[in-house]
Chemist: 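Dumping the structure here so I can ask a few things about it.
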Amino acid sequence: MSNETISVQLPDGSVREVPRGTTPFDVATGISPRLAAAAVVARVRPLTAPADQNAAGHDENSEASMYSAAATGERLVDLSAPLTEDVALELLKENDEASLKVVRHSAAHVMATAILELFPETKLGHGPATDSGFFYDVYRETPFTEEDLAAIEKRMAEVVARDEKFVREQESRAKALTDYAAQGEFMKLHFIERFTQPGDPISLYRNGNFTDFCRGPHVPSTGRVKAFKVTSVAGAYWLGDEKNQQLQRIYGTAFFNAKDMDAHFKRLEEIKARDHRVLGKQLDLFSIQEVAGAGLIFWHPKGGLIRKVMEDWMRDECIRRGYQMVFTPHIMRRELWKISGHEGYYSENMYPPMELDDAEYRLKPMNCPGHILIYKNSPKSYRDLPVRYAELGNVYRYERSGTMHGLLRVRGFTQDDAHIFCTPGQIEDEVVACVEFAESVLHTFGFSEFKVELSTWDPNDRKSFVGSDENWALAIDSLHNVLNRKGIPFKTIPGEAAFYGPKIDIKLVDVLGRMWQLSTVQFDFNNPARFELEYTGEDGEKHQPVMVHRALFGSVERFFGVLIEHYAGAFPLWLAPVQVGLVPISEKHMEYAESVRAKLAAAGLRVELDKRNDPMKARIRDFALQKVPFVLIMGDKEATAGAVSVRTRGKGDEGSVPLETFVERAKSLIETRSTAL
């Protein structure tokens with residue numbers, strides 16, 4: 001092969017020799033003009049780098065990835081990007097998830113173009129794609145109105161109609177800093193200074209008269225942004241710090257076609273109908289009281305009953321799996337948090353210290369130091385290991401006011417925490433057991449699908465992570481081996497580990513296809529060293545155990561919020577706070593209804609008898625609005641036959657059956673924890 005040619009390997013394994021500088025679009029055209037027209041973006045990987053199906057590499061739309069000048073390994077590039085080395089090349093079309101994010105990021109540039117054309121005084125931040133669309137952070141003293149958003153969307157259509165090419169250009173870092181400083185673009189200056197190195201050229205993207213500092217990639221031209229909508233505007237502090245300038249974050253979404261966008265907004269309506277905050281009030285499950293403070297949950301009787309069922313199941317399951325239940329204090333001395341590392345690495349998420357008689361104390365943000373102290377309280381032998389402590393412990397974390405959201409992001413919550421102390425040789429089996437426990441939790445509560453991420457550290461970020469390279473390598477390899485043993489596909493997320501070790505995050509997928517971060521399993525080699533934990537080995541010498549953190553609900557509050565939205569408040573029978581509603585047709589049937597209530601209660605069912613004189617249909621409707629699984633109606637015929645007329649949620653009237661038959665049906669549904677009625 002000549003120095004003037006390179007090898008391009010296609011997904012089918014075939015290799016083409018092409019001139020150096022050939023673009024992915026050129027390759028696509030050589031294969032088929034139709035392929036070239038359908039391609040959106042290209043994925044390339046140096047042929048010298050092995051493919052890793054489990055590694056995510058990086059998030060193309062994270063702030064760091066968007067603005068970093070360096071790119072190694074597998075990456076997305078423009079169709080117009082010159083290929084200068086031997087690569088494996090994949091041409092992505094509209095059916096690829098990565099293509100949709102590229103379209104959305106390009107739509108963010110189209111929106112920024114429109115904003116500057118209409119409001120040239122605006123200063124730009126960044127505009128990444130998200131899972132549901134895109135946004136652009138901008139600074140403008142005058143707030144944007146709904147009329148402004150409509151004007152921006154209209155101008156975006158004009159930018160799309162102009163079909164301006166997205167052209168990648170390079171410029172010296174020094175010139176970019178000078179130009180942006182002259183323009184007062186303080187956010188662009190920050191991104192250049194943070195994500196590029198002196199002497200390196202920076203990447204710019206131009207479409208028409210608009211130029212933006214951006215890593216890319218983009219679609220070939222603005223005309224490829226076909227279906228889009230500007231949706232809303234919200235406040236956002238620069239760099240997330242309330243002491244900085246108040247920005248405006250303009251949100252939008254984009255799709256390949258109007259049909260997909262219409263389906264998206266229909267789905268949003270369904271999400272709105274399932275909002276746990278609305279259903280929580282409608283079903284009288286929980287509240288957040290302003291007088292008490294934001295992010296603090298009050299569990300009402302019905303919500304409290306569901307919580308009891310959840311926690312009872314979890315405690316029973318923990319004990320069955322060899323855990324010991326423990327309880328630890330809500331506040332502990334500040335010195336403890338210094339030893340654990342939380343004071344140095346997690347302090348901004350903790351409440352300020354409280355000065356008491358003998359020392360300063362802090363509310364606990366995590367349960368792990370308490371469990372460590374219990375372990376350390378008595379000598380341990382290798383025969384005692386593994387030691388598994390579990391606690392449904394209340395913890396408190398300082399969430400900024402703008403980040404809280406119903407049950408999903410709170411300041412005080414109950415974590416179903418457990419910590420396992422074991423030998424290095426036991427670690428993989430213990431993590432496997434934790435992952436299997438997590439799978440059991442999800443399946444029991446009605447979730448059939450989940451996705452897994454392996455979060456690792458950034459060895460260059462010593463401020464955020466503790467421990468040696470050797471310990472991190474051992475920990476990451478252990479978690480990697482566990483996922484491979486289980487045959488679980490996973491995505492590697494660099495830089496997202498806990499400060500004390502890597503973690504496996506298990507994200508459930510709800511009925512609407514949304515992912516929720518709940519279960520996590522974390523490897524910790526840091527705290528055993530910090531607390532000087534030990535056990536006596538088989539050799540009679542002292543050894544240091546390793547430690548696993550795991551939370552499977554994640555938090556009871558967040559898991560409950562997800563349950564509400566997953567089931568739209570229509571809980572399975574075993575979780576429903578009221579399982580059976582009783583409606584006697586008239587006053588003369590009340591005595592029989594009372595006997596039915598007593599028999600159902602004796603069978604362990606949660607029953608509510610409506611004794612009001614309201615019309616029968618109104619009482620049935622009220623039970624339906626409360627999403628009660630079964631409503632039993634009783635009149636003369638039922639009282640004479642010892643039967644009940646059954647109305648089932650979602651099915652309607654099922655006719656009259658003997659009471660004993662109904663009881664057996666209900667008990668079977670509860671015992672099997674069925675999600676169907």
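Quick caveat: nothing in here was measured; it's all calculated off a predicted structure.
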Chemist: Among Arg550, Arg315, Lys364, find the residue that satisfies the salt bridge (charged side-chain N to carboxylate O under 4.0 Å, His left out) test when tested with Glu391.
Modeler: Lys364
Chemist: So, do Trp472 and Phe525 have ring centers that fall under 6.0 Å from each other?
Modeler: yes
Chemist: Please tell me whether Asp524 and Asn527 have a donor and an acceptor in their side chains that are separated by less than 3.5 angstrom.
Modeler: yes
Chemist: Ion pair present between Glu534 and Lys380, side-chain N to carboxylate O less than 4.0 angstrom?
Modeler: no
Chemist: Is any side-chain N of the basic residue among Arg274 and Glu270 closer than 4.0 Å to the acidic one's carboxylate O?
Modeler: yes
Chemist: Should we count CD of Gln289 as having more than 12 external heavy atoms under 6.0 Å?
Modeler: yes
Chemist: With a 4.0 Å cut-off, would you call Asp358 and Arg333 a salt bridge?
Modeler: yes
Chemist: Flag the pair Glu317 and Arg320 as a salt bridge only when some basic side-chain nitrogen lies within less than 4.0 angstrom of an acidic carboxylate oxygen.
Modeler: yes
Chemist: With the threshold set at 4.0 Å, does a side-chain nitrogen-carboxylate oxygen contact exist between Lys302 and Asp284?
Modeler: no
Chemist: Measure from the ring center of His330 to the ring center of Tyr361 and say whether it is less than 6.0 Å.
Modeler: no
Chemist: State whether Trp299 and Arg307 meet the cation-pi test: NZ (Lys) or CZ (Arg) under 6.0 Å from the six-membered ring centroid, and within 45° of the perpendicular axis.
Modeler: yes
Chemist: Taking Glu360 first and then Arg334, would you say they form a salt bridge - that is, a charged N and a carboxylate O separated by under 4.0 Å?
Modeler: yes
Chemist: So does Lys486 have more than 12 non-hydrogen atoms from other groups sitting under 6.0 Å from NZ?
Modeler: yes
Chemist: Using a strict 4.0 Å threshold on nitrogen-to-oxygen distance, state whether Arg514 and Glu565 make a salt bridge.
Modeler: yes
